[in-house]
2 protein chains.
Amino acid sequence: MSVDRDQVLRSAAALLTRKATSTMDEVARAAGISRATLHRHFAGRDALVRALEELGLQECEAVLDRSELGAGSAQDALRRLVKEIEPHAGLLAFLYTENQLFEGDTQHEGWARIDARLAALFRRGQESGEFRIDLTPAWLTEALYGLIGSGAWAVQDGRVAAKDFSYMIAELLIGGARRRVDS
Amino acid sequence: MSVDRDQVLRSAAALLTRKATSTMDEVARAAGISRATLHRHFAGRDALVRALEELGLQECEAVLDRSELGAGSAQDALRRLVKEIEPHAGLLAFLYTENQLFEGDTQHEGWARIDARLAALFRRGQESGEFRIDLTPAWLTEALYGLIGSGAWAVQDGRVAAKDFSYMIAELLIGGARRRVDS
DNA sequence: CCCTTTTGAGACGGCTTCGTCTCATTAGGC
DNA sequence: GCCTAATGAGACGAAGCCGTCTCAAAAGGG
């Protein structure tokens, strides 16, 4: 009988990804439970969003761990990362735009850790000579977030095929649109 | 005495860019007018957003015209485009995320025109051999929107210098992160 | 088979925002 | 200097959503 908190979170993530302004009632219905039960597990909307943020952080940390960003070439590490992060792209896109709403508020420190790990990957690529040095690691990190969000929305609306998601993102981020003469 | 409608729109755009959930009262105060006057010019919040969408569309069309996307190399055309669109990046970012909220609703047909013109640019680059053909024009268009949004937010939060905005976007989109061995 | 725990349904008040309205004030043309 | 039109300030009800509460029903363990 007891509600699976994690499953509620995941269904909430899926719904809020599609419609970021969903009400608590819609979130509850999507999870197949009543609004009362939803409130018993999450004190309020803020608590729900913060729990989603926590979930997103955990997923990201896990993805970063699995991707072994320190191994092999930075390019391949980045490809592994994008591939691994694909299942969580929707949640990430939601959290990314949600963060823009918290104007003055201090953001969760966990994101600083994620940002640092991503920036370190780009910096490693620059130091090894794989990546160009005129694009800052901070910007590449930001661009990665943006492309993940764009990709998630484009797939959701059918503008891009789901199977191409990780390829399109990784290739654009790594190689850009220009046709390569070398390699 | 009479209120300058266009100026109200622009201040609303600037505010909503920073805080997409601003109330009508905040929008009015930001424009230096009363809520009553704001309502005299825009029937409601929906009307305001739609007017902003119209403004964004006009700006985009104007930018596309000024950029002369058909002239010269596709790369240079894209660089001109990004440079020209910079002043409107905030409004674009707002409208881009706002569109995600209108789940089922049919979006303004004007965006289809913009999309088509952008996709045509990327297709031209592919046909001329400048751009790779494994990234679809639709995805490149989507990625351009995403990077503009990310860039606008990154500049707003101070993670990227404002002066680097167009360079970072155009270079990443065109050349990617990989270091080029050839020219 | 009973008893405890969890859930669902719904009601309730409160809060925020919206859209409308009124009325006094002010700006600016004539 | 008057007259008209626009504006500001504020009140008002309506609507939507939230958070809490109650109570009956259902589940599931012992």
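All values below were derived from every heavy atom in this structure, side-chain atoms included, with hydrogens, water molecules and symmetry-related copies excluded. Proteins get letters first, then strands, A, B, ... in listed order; numbering begins at 1 in each.
Annotation: ring pair (Phe, Tyr, Trp, His ring centres under 6.0 Å) contacts involving residues 118-151 of chain B, sequence neighbours excluded, comprise B:Tyr96-B:Tyr145. For residues 107-116 of chain A, the set of pairs meeting the salt bridge (charged side-chain N to carboxylate O under 4.0 Å, His left out) definition, not counting sequence neighbours, comprises A:Glu61-A:Arg113.
Listed candidates were D:dG10, C:dT7, D:dT7. Nearest to the side chain of B:Ala36 is D:dG10.
Rounded to whole Å, the distance from CG on B:Leu48 to C1' on C:dG19 is 14 Å. As rounded to whole Å, 15 Å separates atom P of D:dA6 from atom CG of B:Asp4. Between A:Arg40 atom CZ and C:dA9 atom P the separation is 12 Å, expressed in whole Å. Rounded to whole angstrom, the span from the CG atom of B:Leu38 across to the P atom of C:dG19 amounts to 10 Å. Computed from coordinates, the A:Arg5 CZ to C:dT7 P distance equals 13 Å when rounded to whole Å. Between the C1' atom of D:dA27 and the CD1 atom of A:Ile33 lies a distance of 16 Å, rounded to the nearest Å.
Shown here are the ring-ring contact (aromatic ring centres under 6.0 Å, His included) partners of A:Phe42, two or more places apart in sequence or in another chain: there are none. Taking A:Arg124 as the reference, A:Ala74, A:Ala77, A:Leu121 meet the side-chain contact (heavy atoms from CB on, under 4.5 Å) condition, with sequence neighbours excluded. Every residue two or more places apart in sequence or in another chain was checked for a salt bridge (Lys or Arg N to Asp or Glu O under 4.0 Å) with A:Arg45, and none qualifies.
Between B:Ser34 and D:dG8 there is a side-chain N or O to OP1 or OP2 distance below 4.0 Å.
Taking the charged nitrogens against the carboxylate oxygens, A:Asp76 and A:Lys83 have no contact shorter than 4.0 Å, which rules out a salt bridge.
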Just the atom pairs and distances: protein N or O near nucleotides 17-19 of chain D's N or O, under 3.5 Å.
| from | atom 1 | to | atom 2 | distance (Å) |
| --- | --- | --- | --- | --- |
| D:dC18 | OP1 | A:Met24 | N | 3.4 |
| D:dC18 | OP2 | A:Met24 | N | 3.2 |
| D:dG19 | OP2 | A:His39 | NE2 | 3.2 |
| D:dG19 | OP2 | A:Arg45 | N | 3.3 |
| D:dG19 | N7 | A:Arg35 | NH1 | 3.0 |
| D:dG19 | O6 | A:Arg35 | NH2 | 3.0 |

